[in-house]
Protein chains: 2
Amino acid sequence: MLKQDTTLISDDTQVSHLHKVKSTSADKTSTTLADQILVQIQTSIIKGELPAGSKINEQALAEKYGISRGPTREALHTLERQRLVVRSPHVGARVAQLTVSELNDLYQLRSVLEGMACELAASRITPEQLAKLEDLLACQDAALAKGDTYFQEEGDVDFHYQIIQASGNKHLQETLVGGLYHLLRMYRYQCTNKNRPVKAIAEHRRIVEAIAQRDGELASLLMRRHIEQGRKNTELRLIELQANAAAKETLANIS
Amino acid sequence: MLKQDTTLISDDTQVSHLHKVKSTSADKTSTTLADQILVQIQTSIIKGELPAGSKINEQALAEKYGISRGPTREALHTLERQRLVVRSPHVGARVAQLTVSELNDLYQLRSVLEGMACELAASRITPEQLAKLEDLLACQDAALAKGDTYFQEEGDVDFHYQIIQASGNKHLQETLVGGLYHLLRMYRYQCTNKNRPVKAIAEHRRIVEAIAQRDGELASLLMRRHIEQGRKNTELRLIELQANAAAKETLANIS
DNA sequence: AAATATTAAATTGTCAACAATGATGCGGTT
DNA sequence: AACCGCATCATTGTTGACAATTTAATATTT
């Protein structure tokens, strides 16, 4: 009857939940249960703890997080929208597969969309938003100086995110942030490359400069090039990764 | 209301499967129940039977189609992905609202995406796909001659759909068809304009010509102009519509 | 022994009841 | 009369059981 999710979520259910606790645990006032596990499954997928292409068992997943299949199902539905999961009726959900052709499709689309975002941002960005972007650049420089690679990754996400926000186009935002971005993060996380950041930050700076000068055409061009650089990088790592996997496969078949 | 979709479920449980029929997706029987009502709610929303901006009651909707709240909920979730519904936790679902600014955002995004689709289609389209497109143009001419406006509407959807397919970019397809297209249809249905088709068909023809000549740049340009024409048209009708609604509102307030 | 038909198991889809939250209406106070 | 707190109601979120379907495992036939 009582939920046993104490291990993963919070174990404040110990002593006095005489009152319907209302979950006043200060931090986040319980949105919906589905949304809570959504982010957890998200990160599990992005980090590869749930391997790309693997089957997802609703029951097992639900039990893992100590909840019922209902919310789990809804989370999977949202993950499908985010392109992290593929579902087929009566068969179930699988983690998205990482392939070269899909990577190219994805980046091609992203390039066009973020190019568009840059053009819009150049004409619409507010001084506050611009200041925030420049702060971010400074942060990235500082992080780079300390060699903090993961924060750099996070910073890159923020950079693109803020430009998308500055575009002011609601549907563009929804398409990128709600639709493509998570899958993008998955590719980048699993095909990460150490020596890229230093160049990427320089490119970021030039993009912001173009936006600040209200030169949308230039900003768009620089952004598309920047993304193309990222694509090449990721593609290389992905091919390498898949070659390794194939080798391991044949090795297993021999033995 | 009793469910009368029992007729939809075929009783072919007897042995007549010589081969594993692999179930071509055109088969409408035995999908999931949620998918079946999804299309019904879809059309209800697009046609305005469920008015834009109105609240959706899960229970009532479920009863209307003679099913339980579970599948209804899933359908609403899919409708959210299609931008036809907006959901907020613990509050519920509303039909998307039709506003001028959203219309502009939507068409701006669509313009960029279908422009991209044209460029890709110009370089990748197969002879079969091209033949199908030209067949469609002929069909549209014929329908126009008979003054069959609704079929024209449907034909226009098909036209854009086929070019999107010919682009060959999976994520682009998913973004347009799975994401934006239904909302687009809603705007166009509720802000329809009679005298547009005749010009639109001519524009279609020129776009196909450009694609056939492998001139992606031109095809993209023509498509973006074509869409811009549609946007203007829809915007005009929408403003008109909202002015009427506002007038009726004030009238009601007086009495 | 290989391939196919049949049965059994595991998994997804659906339902109806229950819990938790937001919305509504009432009564009291200023 | 308007505002605020409180109780009630309606609606959404969640659960566990059940039905339908797919996947696997087994038996059967050629």
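Note that the coordinates shown come from a computational prediction; the quantities given were computed from them, not determined experimentally. Note on naming: letters A, B, ... go to the chains in the order of the sequence lines (proteins, then strands), and numbering restarts at 1 for each one.
- Along DNA chain C, the nucleotide nearest to B:Arg69 and the one nearest to B:Glu74 differ in position, and the one closer to the 5' end is contacted by B:Glu74.
- For B:His90 and D:dT14, the NE2 to C1' distance is 10 Å, given to the nearest whole Å.
- Place A:Pro89 and A:Ala34 on DNA chain D by their nearest nucleotides, and A:Ala34 ends up nearer the 5' end.
- For B:Thr32 and C:dT12, the shortest distance from a side-chain N or O to OP1 or OP2 is not below 4.0 Å.
- Not one N or O on the side chain of B:Glu114 forms a donor-acceptor pair closer than 3.5 Å with the backbone of B:Ile227.
- Residue contacts shown for A:Gly70 include a base, since a base heavy atom lies under 4.0 Å away.
- Spacing between atom CG of A:Leu33 and atom P of D:dT12 amounts to 18 Å, rounded to whole angstrom units.
- Taking 4.0 Å as the cut-off between side-chain N and carboxylate O, B:Glu74 and A:Arg87 count as a salt-bridged pair.
- The backbone N or O of B:Thr126 lies less than 3.5 Å from a partner atom in the side chain of B:Gln129, making a donor-acceptor pair.
- As a whole-Å value, the separation of A:Leu61 CG from C:dT12 C1' is 14 Å.
- Nearest nucleotide to the side chain of A:Ser68, out of C:dC15, D:dG16, D:dT22: D:dG16.
- Across the protein-nucleic acid pair, B:Asp35 atom CG and C:dT12 atom P stand 16 Å apart, rounded to whole Å.
- Partners of B:Glu240 by side-chain hydrogen bond (donor to acceptor under 3.5 Å, both in side chains), not counting sequence neighbours, listed by chain and number: B:Arg237.
- Rounded to an integer number of Å, the gap from B:Ile67 CD1 to C:dA16 C1' is 14 Å.
- A donor-acceptor pair under 3.5 Å links the side-chain atoms of B:Thr175 to the main chain of B:His171, judged by distance alone.
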Original post:
Should A:Gln97 and A:Glu102 be marked as a side chain to side chain donor-acceptor pair (under 3.5 Å) after you check the CA-CA gap, both sets of side-chain angles, and the distance that decides it?
Top reply: CA-CA 9 Å; A:Gln97 207 130 20; A:Glu102 269 219 21; over 6 Å; no
Nucleotides 9-11 of chain D: which of its N/O atoms have a protein N/O under 3.5 Å away?
| from | atom 1 | to | atom 2 | distance (Å) |
| --- | --- | --- | --- | --- |
| D:dT11 | OP1 | B:Asn57 | ND2 | 3.3 |

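- A:Glu63 places its CD atom 11 Å from the P atom of C:dT11, with the value rounded to the nearest Å.
- Between the NE2 atom of B:His77 and the P atom of D:dT12 there is a distance of 14 Å, given to the nearest Å.
- The aromatic rings of A:His77 and B:His77 lie perpendicular to each other, with more than 60° between the two planes, well past the 30° mark.
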